[in-house]
Amino acid sequence: MEQIRRTKIVELLQSTAFGAQVNVKGWVRTKRGNKQVNFIALNDGSCIHNIQIVADVASFDEALLRRITTGAAVSINGEITESSGSGQKVEILAKEMEVMGDCDVDKYPIQPKKHTLEFLRENAHLRFRTNTFGAIARIRHAMIFAVHEFYTKKGFVNIHTPIITASDAEGAGEMFKVSTLDYDNLPRTEEGAIDYSQDFFGKATNLTVSGQLEGELAALAMGEIYTFGPTFRAENSNTSRHLAEFWMIEPEMAFYDLDDNMDLAEEFLKYLIQYALNNCMDDLQFLSKRLQEEEKNKKADERSMELIEKLQFVLSNDFIRLPYTEAIEILRNSKPNKKGKFKYPIDGFGSDLQSEHERYLVEKHFKKPVILTDYPKDIKAFYMKQNDDGKTVRAMDVLFPQIGEIIGGSQREEDYDKLVTRMKEMDVPHEEMWWYLDTRRFGSVVHSGFGLGFERLMLFVTGMGNIRDVIPFPRAPKTAEF
RNA sequence: UCCCUAGUAGCUCAGUUGGUUAGAGCGGCGGACUGUUAAUCCGUAGGUCGUAGGUUCAAGUCCUACCUGGGGAGCCA
């Protein structure tokens, strides 16, 4: 074959250089045709759309055409032409074709037809080759970039917090142990406990559940920082909204109170959504169409808003900011509560809100994102700033429709004595946390931060229903394939 | 971890109160068609009914346990 530099399909589809000789490489999605002419739909991952290759059957070996099957990798030299078909403006009239990698159709699991998401999840190594997962991968990348762009523009400093940590005091969930000890022959202390002094780090270590505490250390010197890294939770939670390994963005800001914190969270989420609308429209439109097909099978009152409309709706509305005690009042007086429709009836101050309550507030009562603030201190973490009422803390949860809690954050307790007292009350080993407490001993200031679950954001932006479909290789209980 | 639900052809599913040789669509393959868009039309191959027990003259169908998937709950991001 003549050597021509490869052009990506995303560029070819924009091209008007009719007559130009180009090379295109990619994977065959479908082939159809008759004795005279073959049409090959080719995709190279550069965009959701395929380019149509037109091959005059008489110009090619029958054996070669036979090898061009769904899934095969091919390299094609040809001429950019104006399409005479109705589905596209541009196509490639093939001059030379080469099969780079054959694909045995009897064994290849991805067929040119609709597959269920469950089936593709079991074939996650090949699901990038479908329109849906190609779109999700491109949107995920765009969102990663937008996160860094947002904070860079605001002058935040990105901090890599440790993935292996000796701190077990975050209280954010069960942890995965990190060890090089021989499980079949564990060293023991005289009391019979496992002797971690002989372990790699000389103490018990875990995978991080949050970079927040280290983030605070950086914020109380750099001013405004953010982390963006993997976090690990060994909770046995089997839901469509939880992963054992997920990515989290945790900004932490000195001199920010809770109001500043909420302003930032809202601006941040809207920035990301706007970025997706500005840069991923083709992929969003595809996902939207896909969702609409699915929605057809649902009852009218269970159907959700069209994807792009939903994203624009969030952009054009202020988030509701609501203290916990007011939320309780709304729920107490709500129809479902009075009619006994809630599985967990609202009786008063102190109880944590169940997902049915959050969903009622977001989806039924306000019909827009809600930031709940000032939760009872007993259901929140030790580091949250205590209010003067002695009952609540300066916490904030951002609740999104369908997803629930997308952001959790708070103003932090900057007072050394109050923090230590709270740690003792909640059995947090404050001696081990001396390094964290030092920030409150030396130049402590008002500061705040929050955590955004990146995959939860992806759920919202893509409209997907299962969190295992918005991360390439999901890790969950009994699930570590690929 | 708890509750509900499902597992039948490569994929998506149907299979009646338990009853003879287990069905369809899509996909594959073969053929027809001068430009198709998930092409269309004709033909064709393809199944240890999740696994292990049990009930019964007889089990895809009923019962038990386990495995795996899905939905919901809790935990949270």
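In what follows, chains are A, B, ... by sequence order, proteins preceding strands, each numbered from 1.
For the P atom pair drawn from B:rC76 and B:rU64, the interatomic distance equals 35 Å after rounding to whole Å. A distance of about 22 Å separates the C1' atoms of B:rG46 and B:rC41, rounded to the whole Å. Separating the C1' atom of B:rG47 from that of B:rC42 is a span of 25 Å, rounded to the nearest Å. A gap of 46 Å separates the P atoms of B:rC4 and B:rU44, to the nearest Å. Comparing the P positions of B:rG71 and B:rU34 gives an interatomic distance of 48 Å, to the nearest angstrom. On the P atoms, B:rU68 is 23 Å away from B:rC62, given to the nearest whole Å. Separating the P atom of B:rG10 from that of B:rA45 is a span of 16 Å, rounded to the nearest Å. Rounded to whole Å, the P atom of B:rG27 lies 7 Å from the corresponding atom of B:rU40.
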Where do N or O atoms of nucleotides 39-44 of chain B meet protein N or O atoms at under 3.5 Å, pair by pair?
from, atom 1, to, atom 2, distance (Å)
B:rA39, OP2, A:R32, NH1, 2.8

Can you give me the N/O atom pairs linking the protein to nucleotides 66-71 of chain B at distances under 3.5 Å, or say none if there are none?
from, atom 1, to, atom 2, distance (Å)
B:rG70, OP1, A:R121, NH1, 2.4

What pairs of nitrogen or oxygen atoms, one from the protein and one from nucleotides 45-52 of chain B, lie under 3.5 Å apart?
none

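Of the residues in residues 391-406 of chain A, those with a non-hydrogen atom less than 4.0 angstrom from any atom of RNA chain B are A:E405, A:I406.
Base engagement by A:N236 is indicated by at least one non-hydrogen atom pair under 4.0 Å involving a base atom. Within the 4.0 angstrom heavy-atom criterion, only backbone atoms of the sugar-phosphate kind lie near A:H115; the bases stay farther away. Among the atoms of the strands shown, only primed sugar atoms or phosphate atoms (P, OP1, OP2) are found under 4.0 Å from some heavy atom of A:F119. A:R66 comes within contact range of the sugar-phosphate backbone alone, with a heavy-atom separation under 4.0 Å but no base atom that close. A:T116 comes within contact range of the sugar-phosphate backbone alone, with a heavy-atom separation under 4.0 Å but no base atom that close. In this structure, A:E91 reaches the bases: a heavy-atom distance under 4.0 Å links it to at least one base atom across the strands shown.
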Acceptor/donor pairs from residues 475-482 of chain A side chains to any protein atom, 3.5 angstrom cut, sequence neighbours excluded:
from, atom 1, to, atom 2, distance (Å)
A:R475, NH2, A:E481, O, 2.6
A:R475, NH2, A:F482, O, 2.8
A:T479, OG1, A:P477, O, 3.3

Cut-off 3.5 Å, no hydrogens considered: what does the side-chain donor-acceptor table look like for residues 134-147 of chain A, sequence neighbours left out?
from, atom 1, to, atom 2, distance (Å)
A:R138, NE, A:D283, OD1, 3.4
A:R138, NE, A:D283, OD2, 3.0
A:R138, NH1, A:G45, O, 2.9
A:R138, NH2, A:D283, OD1, 3.0
A:R140, NH1, A:E455, OE2, 3.0
A:R140, NH1, A:V470, O, 2.9
A:R140, NH2, A:E455, OE2, 2.9

For residues 52-64 of chain A, which side-chain N or O atoms pair as donor and acceptor with protein atoms under 3.5 Å away, sequence neighbours left out?
from, atom 1, to, atom 2, distance (Å)
A:Q52, NE2, A:E91, OE1, 3.2
A:D56, OD2, A:S59, OG, 3.3
A:E62, OE2, A:R66, NH2, 2.7

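Between the side chains of A:Q354 and A:E358, no donor-acceptor pair of N or O atoms lies under 3.5 Å. In this structure, a donor-acceptor pair under 3.5 Å is absent between the side chains of A:R67 and A:T69.
In terms of the side chain to side chain donor-acceptor pair (under 3.5 Å) criterion, A:K8 has no residue partners (sequence neighbours excluded). Judged as a side chain to side chain donor-acceptor pair (under 3.5 Å), and not counting sequence neighbours, A:Q111 has no contacts. Every residue was checked against the side chain to side chain donor-acceptor pair (under 3.5 Å) condition with A:Q285, not counting sequence neighbours, and none meets it.
When each of A:V54 and A:H242 is assigned the nucleotide of RNA chain B bearing its nearest heavy atom, the one mapping closer to the 5' terminus is A:V54. Take the nearest nucleotide of RNA chain B for A:V37 and for A:E455: the residue whose nucleotide is more 5' is A:V37.
When rounded to the nearest whole Å, the span between CD1 of A:I68 and P of B:rC29 equals 13 Å. If you take CD of A:Q354 and P of B:rC3, they are 18 Å apart, rounded to a whole angstrom. Protein atom CG of A:L126 is 18 Å distant from nucleotide atom P of B:rG10, rounded to whole Å. In this structure, CG of A:L452 is placed 11 Å from P of B:rA77, rounded to the nearest angstrom. Spacing between atom CG of A:L457 and atom P of B:rC76 amounts to 21 Å, rounded to whole angstrom units.
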Which nucleotides of RNA chain B pair, in dot-bracket form (Watson-Crick or G-U under 3.5 Å, | meaning another strand): (((((((..((((.....[...)))).(((((.......))))).....(((((..]....))))))))))))....
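Separating the CD1 atom in A:I110 from the CZ atom in A:F119 is a distance of 6.0 Å, to the nearest 0.5 Å. Note: A:R468 CZ to A:L117 CG = 13.0 Å, rounded to the nearest 0.5 Å. The structure places CG of A:N123 at 12.5 Å from CZ of A:F128, a figure rounded to the nearest 0.5 Å. Rounding to the nearest 0.5 angstrom, the gap separating the CD1 atom in A:I406 from the CG atom in A:D397 is 12.0 Å. To the nearest 0.5 Å, atom CD1 of residue A:I403 and atom OG of residue A:S355 are 13.5 Å apart. Considering OH of A:Y360 and NZ of A:K335, their distance stands at 8.0 Å, rounded to 0.5 Å.
At a cut-off of 3.5 angstrom, counting only N and O atoms as typed in the model, there is a donor on one side and an acceptor on the other between the side-chain of A:Q88 and the base of B:rU36. At a cut-off of 3.5 angstrom, the base of B:rC76 holds at least one donor-acceptor pair with the side chain of A:R456.
A:R233 has no carboxylate O lying under 4.0 Å from a charged side-chain N of A:E174, or vice versa, which leaves the two without a salt bridge. In this structure, A:E356 does not pair ionically with A:R359, as no charged nitrogen and carboxylate oxygen lie closer than 4.0 Å.
The two residues A:H242 and A:R456 have their closest heavy-atom pair at NE2-NH2, 3.5 Å. Closest approach of A:T81 to A:F18, counting heavy atoms only: C-CD2, 3.6 Å.
Taking 4.0 angstrom as the limit, A:R241 places none of its side-chain polar atoms (N or O) nearer than this to OP1 or OP2 of B:rC75. Within the structure, a side-chain polar atom (N or O) of A:S355 is placed less than 4.0 Å from OP1 or OP2 of B:rG74. Checking the phosphate oxygens (OP1, OP2) of B:rC26, no side-chain nitrogen or oxygen of A:Q111 falls inside 4.0 Å.
For residues 37-52 of chain A, every residue pair satisfying the salt bridge (Lys or Arg N to Asp or Glu O under 4.0 Å) rule, not counting sequence neighbours, is listed here: A:R6-A:D44.
With B:rU34, B:rG74, B:rG35 as the choices, the nucleotide that has an atom nearest any side-chain atom of A:F39 turns out to be B:rG35. Listed nucleotides B:rA73, B:rU12, B:rG35 differ in distance to A:S83; the shortest reach to its side chain belongs to B:rG35.
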